[in-house]
Every structure is written in structure tokens, then in C-alpha cells.
Amino acid sequence: MSLRRTSVQALLGSQELEREVVVNGWVRTRRGNKYVQFIAVNDGSSIHNIQVVADAEKFPEESLKDVTTGSCVAVRGQLVASQGKGQSVEIQAAEITVLGKADPEEYPLQKKGHSLEFLREIAHLRPRTNTFGAVLRVRHALAFAVHQYFNDHGFYYIHTPIITGSDAEGAGQMFRVTTLPDQNPPLTEDKAGVDYKQDFFGKQTNLTVSGQLEGEVAAMALGKVYTFGPTFRAENSNTARHLAEFWMIEPEVAFNDLQDNMELAEDFLKYLVRYALDKCADDLQFLNDQYDKELLERLRFVVDNDFQRLTYTEAVEILKSAKKKFEFPVDWGTDLQSEHERYLVEKHFKKPVILTDYPKDIKAFYMKLNDDDKTVRAMDVLFPGIGEIIGGSQREEDLEKLRARMAAMHVPEDELWWYMELRKFGTAPHAGFGLGFERLILFVTGMANIRDVIPFPRFPKNAEF
RNA sequence: GCUUCCUUAGCUCAGCCGGUUAGAGCAUCUGACUGUUAAUCAGAGGGUCCCUGGUUCGAGCCCAGGAGGGAGCGCCA
């Protein structure tokens, strides 16, 4: 087989028939009778399979014994118009080589559907299913679209550190990074604790929970930047919307205010959804048919309609006058619960919502204080079924106001001296936000659990694979 | 971390009020069938009813503890 192999995707779209081709891939099903066998082969390039036809004259049953669901094959043959109804082209096989057998008594994947919970337990094989193939292709397309969008809009991609020396980022519990021995680590002189001065970096270090603070450093020099990297949270979160390791996209823009920030967030999200609709039509159609009959309709709705913008204070008024009884009371000054956000997005407005100007006490220290001295220029973008998909703000650029907020919220100045110096030297208004990449994929694919939109999910009590 | 539900064949699940030998569909194996489309048809094999203990003449079913999983909530993106 010296002929170069062609992808299934390319073959299915080919107009040049009656030519010899080679395709490599994994067998999804084999069916037929004693005269002719049909083998559905998938190589991951498409949700669709190519049908390989093996006539019994050339391929006696014995020769196809190892061509079973899950096995890996190399096929050489003629690409021809299909005699059957389900496909336009197929391969009339001349040679079939089994590259890797898959004992049908043991291979866990079958032609018929499996539960997503079961597939989670065989994460090393689940990419071979239609569903995960579709999800992973969509995931790729969206990652590519993120870079495309920012590059087209003059942003620079900044690599912020994975290992961070500050534990003051204010976004939850962190994973410790250390090379000290876990048995008898060196202790401080007063024996009160571990002496991290002797650790690899000479101080306590952790995995990052956000690239934002370093992103601000870059924005104060390059103007428009974004990060796109892994993020780690050691929270004991057990929900369908949380992971311990996830990917986050964080643009940060000098001279942007909160309005600009909202414009960017909405335009960016619509671009990403539109990109998926354009580039992943087959995969999204499959997901629409299999999991969520309203998926495509919902995606088009988001692209075609403006997000609803209102302040936290206005949202509280709406919720207070709502007829619905909430489990948790709504009060100005407390954070909104999931049920409140869902009511606003799914019942009241029936569209994505951007909430702004939250009470200062429930938001992070770096958010810019409004003139009312009560609220900050924060924004949360809420999506149906997902909840918060973006959280962001205009940042406090005034050194003294920032210092006062840090003191009030017990954020240690000495660890963030460099962050404060951004305000000391050539400060500028700026704003940014964080988009949870997996939450975006959840929305675009219609999947229900965030553990099903990342190849190797990390969550409490689970780091298999 | 809290609340709640689930765990029966390789997979998805049924199993009545606690009662004799635990069932179905799919998968697998065998056979039939000249173009199938998650092929179809016939037959066969396949069980630590999650684990431990208890109640009972008798437990897949009731009770207690444990393990694993799901959903909701909290924290958040």
C-alpha cells in the first residue's frame, strides 16, 4: 500500500470517483450476508463513516473474522458511487488489513448507545464514539476561533504563568506546588510550620487560579491582550458545571471601560457561536438530533439577538416582584443564587443577560468602585442552562482606591506590590473578563455535564486517565 | 461540604405485597438470508442481584453501615 491515505471526510466530499484510495480507521459496525459485507469505518475526521464493501468472492468470511466493532483497519479499494441509499460514495475493497484487533467479547463500546456516565469510566475509549468525536471537534474549532477572533481584532496572546507565587488572586482554593519531601519537611525556626524558604522557589507556590493579574501587566504595555490556558481550583465542587482543571480565556484591554467590556464580551461570544454553526454543522446537527432538539435553534437565537443588559439593582427589583417563590430570599447586597439567575435568563428575559454594577462587598478587590461608593463596575454574562459563562469588570486603576479596597478585604499588599505598581507608574483605565472555555462548549454542544466536554476531566476524587 | 436518588447479564433496564428455577431489548456466539444502513430472522451461552452485617421459615426486595455513580445546592468560570 504505497498509495497515500485519504481522510474519510475528504472521501465523502469527493467528486472524483472510480479511483483507487486508501483509508485507515476504526470499524464502527460490520453487517451483511454470506455474499457481501458492509464495514462502516471512521477515522475521526468526520461524524460520518465511509462504507467499505467487501464481496465474498474476494473476502471469504474467514478473512473478515477480525474485522469487528472497534478494530483498526487499513483499506485499499475503488472509490465508487454507492449502490445503496444511505450514502453517496463507498469503497469497493481490494485489500483489507487489520492493523489492530479488538476482541468483541471484551471491547466495551458497542453499536448501540451507551450512557454518558458509563463512557466517563472508559475515558480512554470514549473519543471513539460519535458523541465525543463531535464534542472534541467542536472543542477544537472553538479553541481555534478564540485565537482567530483575537488575532483579527489586534489582540496579543500572552502566556501567563501556570505556577504562581501569590495566593491572593482571590478566586478560591489553590493546589500547592512543592518539591519538599512529604515526610519530615524542613520546619521554620519556631517549628510552627513548613519552611518554604527551602522549597524550590524559596516561597510557597501554587497552580494558577487566574491569569488576570498578569494579564493586566501585559495590557499596560501591549494594550489589547488575552490569555488562554489551564486554570486550577481546589474547591470541593461537585456539580455539572465545575472542574478542578479547566481552560479559561481572559482578555484584558487598556482604555476600555465597562461598556466597552460588555461590547467585547457580546461580540466575542456571538462570533464563537457563529463560527461553530458555520464550521461544525454536521457535528452540531448530530448533537441536536441525539441530545437536544432545540440546540441549533438556541444557538441561532443567541447569534441573532442582543443580550439583555441591566444592573444588579434592577435585577433585584425584578426578582423581588416576581410571583415565583424562591428557595433563597432576594436581598440587595447578597449574591444572586443559581435559581435567581436562571429565573432572569430562562423565564423573565428568555435570552442571555449581562448583569452589571454589583455591590462591592460581594466582588473582588480589583474591581473599579462606582461613584456611589456602594457598587463596583462588575459584569456577569448569564446564559441559559449554564449560568455564569463570563465574569469580568473594569479594574480599579486608582492606586489609593485600590489600596483601600485591599485593606478592607484583607488582601496582603506585600504579595501584590507589582500589581499595585501598575497603578503607580502610568496607570490607565482598563477592563477585562474571564470566559470559562468548557462552559462555552457546554452551551454550544448542548451537553449537560462539564465532565463530558473535556477529554480528561479532573474533579474531586477523580484523576484517572 | 450539604440534600436527594441510584447500583440486577458485556450495555440499557424491568422485577408486583418479602415466596419455588431472577427476566427483556441490544451486544456476543451458531445458523439463515444476494446491497446492508444501530440490517433482519431463528437458536444458544451469559448473573458474587455493589460489599458487609442484621430482621425473617424465607431477602434482588425490609433495616443499618460502607463503597461507587447521578442530580440539585453551596463555592465559581
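Just so it is clear, the structure is predicted and the values come from calculations on it, not from any experiment. Keep in mind that the numbers below use all heavy atoms, side chains included, and drop hydrogens, waters and symmetry copies. Just so we're on the same page: letters track the sequence lines, and every chain starts at 1.
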Pick base, sugar-phosphate or nothing for A:Phe118, based on heavy-atom distances below 4.0 Å to the nucleic acid. sugar-phosphate
When the P atoms of B:G74 and B:G15 are considered, how many whole Å apart are they? 33 Å
As a test of understanding, state which of A:Arg28, A:Gln290, A:His48 forms a side chain to side chain donor-acceptor pair (under 3.5 Å) with A:Asn130. A:Arg28
Distances under 3.5 Å between nitrogen or oxygen atoms of protein and nucleotides 71-75 of chain B:
unit_1: B:A71; atom_1: OP1; unit_2: A:Asn449; atom_2: ND2; d: 2.9
unit_1: B:A71; atom_1: OP2; unit_2: A:Asn449; atom_2: ND2; d: 3.2
unit_1: B:C73; atom_1: N4; unit_2: A:Asn238; atom_2: O; d: 2.8
unit_1: B:G74; atom_1: OP1; unit_2: A:Gln337; atom_2: OE1; d: 2.6
unit_1: B:G74; atom_1: OP1; unit_2: A:Ser338; atom_2: N; d: 3.2
unit_1: B:G74; atom_1: OP2; unit_2: A:Ser338; atom_2: OG; d: 2.8
unit_1: B:G74; atom_1: O6; unit_2: A:Asn238; atom_2: N; d: 3.2
unit_1: B:G74; atom_1: N2; unit_2: A:Asn236; atom_2: O; d: 3.1
unit_1: B:C75; atom_1: O2; unit_2: A:Ser237; atom_2: OG; d: 2.5
unit_1: B:C75; atom_1: N3; unit_2: A:Ser237; atom_2: OG; d: 3.2
unit_1: B:C75; atom_1: N3; unit_2: A:His242; atom_2: NE2; d: 3.1
unit_1: B:C75; atom_1: N4; unit_2: A:His242; atom_2: ND1; d: 3.1
unit_1: B:C75; atom_1: N4; unit_2: A:His242; atom_2: NE2; d: 2.9

Mind telling me whether A:His348 and A:Tyr343 have parallel, tilted or perpendicular rings, with 30° and 60° as the class edges? tilted
Can you tell me how far P of B:A38 sits from CD of A:Gln87, to the nearest Å? 10 Å
Can you check the distance between B:G43 and B:A27, where both ends of the measurement are the C1' atom (answer in whole Å)? 16 Å
Looking at CG of A:Leu442 and CE of A:Met447, how far apart are the two atoms once the value is rounded to the nearest 0.5 Å? 9.0 Å
Touch check for A:Glu106, heavy atoms < 4.0 angstrom, all strands: base, sugar-phosphate only, or nothing? nothing
Integer angstrom distance from the P of B:A44 to that of B:C5: 41 Å
For B:U7, what is the paired nucleotide under Watson-Crick or G-U wobble rules, both distances under 3.5 Å? B:A67
With the six-membered base ring of B:A77 as reference, does the ring of A:Phe246 sit under 5.5 Å away with planes under 30° apart? yes
Check the orientation of A:Phe150 and A:Phe155. Use parallel for under 30°, tilted for 30 to 60°, and perpendicular for over 60°. tilted
Upstream residue (5' side of RNA chain B) when A:Val53 and A:Thr29 are each assigned their closest nucleotide: A:Val53
Over all strands shown, is A:Thr231 touching base, sugar-phosphate only, or nothing at heavy-atom distances under 4.0 angstrom? nothing
Between B:G70 and B:G23, how far is it from one P atom to the other, in whole Å? 32 Å
If you measure from the P atom in B:U48 to the same atom in B:A64, how many Å do you get, rounded? 27 Å
Using modelled atom types only, decide if a donor and an acceptor are shared between the side chain of A:Arg137 and the backbone of A:Gly44 within a distance under 3.5 Å. yes
Does a side-chain N-to-carboxylate-O contact under 4.0 Å join A:Glu396 and A:Arg405? no
Under 4.0 Å, counting only non-hydrogen atoms across every strand here, what does A:Gln212 touch: a base, just sugar-phosphate, or nothing? nothing
Assign A:Ile389 to base, sugar-phosphate, or nothing according to its heavy-atom contacts below 4.0 angstrom with the strands shown. sugar-phosphate
Within the structure provided, determine whether A:Pro412 and A:Met406 are in side-chain contact (heavy-atom separation under 4.5 Å). no
Taking the C1' atom in each of B:G35 and B:U40, what is the distance between them to the nearest angstrom? 13 Å
Looking only at atom C1', what distance separates B:C29 and B:U34, rounded to whole Å? 24 Å
Ring centres under 6.0 angstrom apart (A:Phe456, A:Phe465): no
Can you give one letter per nucleotide of nucleotides 23-34 of chain B, 5' to 3': B if a protein heavy atom sits under 4.0 Å from the base, S if only from the sugar-phosphate, - if neither? ---SSSS---BS
For A:Leu243, which contact category applies under a 4.0 Å heavy-atom criterion: base, sugar-phosphate, or nothing? base
By the 4.0 Å heavy-atom rule, please label A:Gly434 as base, sugar-phosphate, or nothing. sugar-phosphate
Can you check ring-ring contact (aromatic ring centres under 6.0 Å, His included) on A:Tyr157 and A:His147, steps first, answer last? CA-CA 8 Å; A:Tyr157 178 28; A:His147 292 299; 4.8 Å; yes
Pair A:His340-A:Phe326, ring-ring contact (aromatic ring centres under 6.0 Å, His included): steps then yes or no: CA-CA 8 Å; A:His340 304 142; A:Phe326 295 111; 4.9 Å; yes
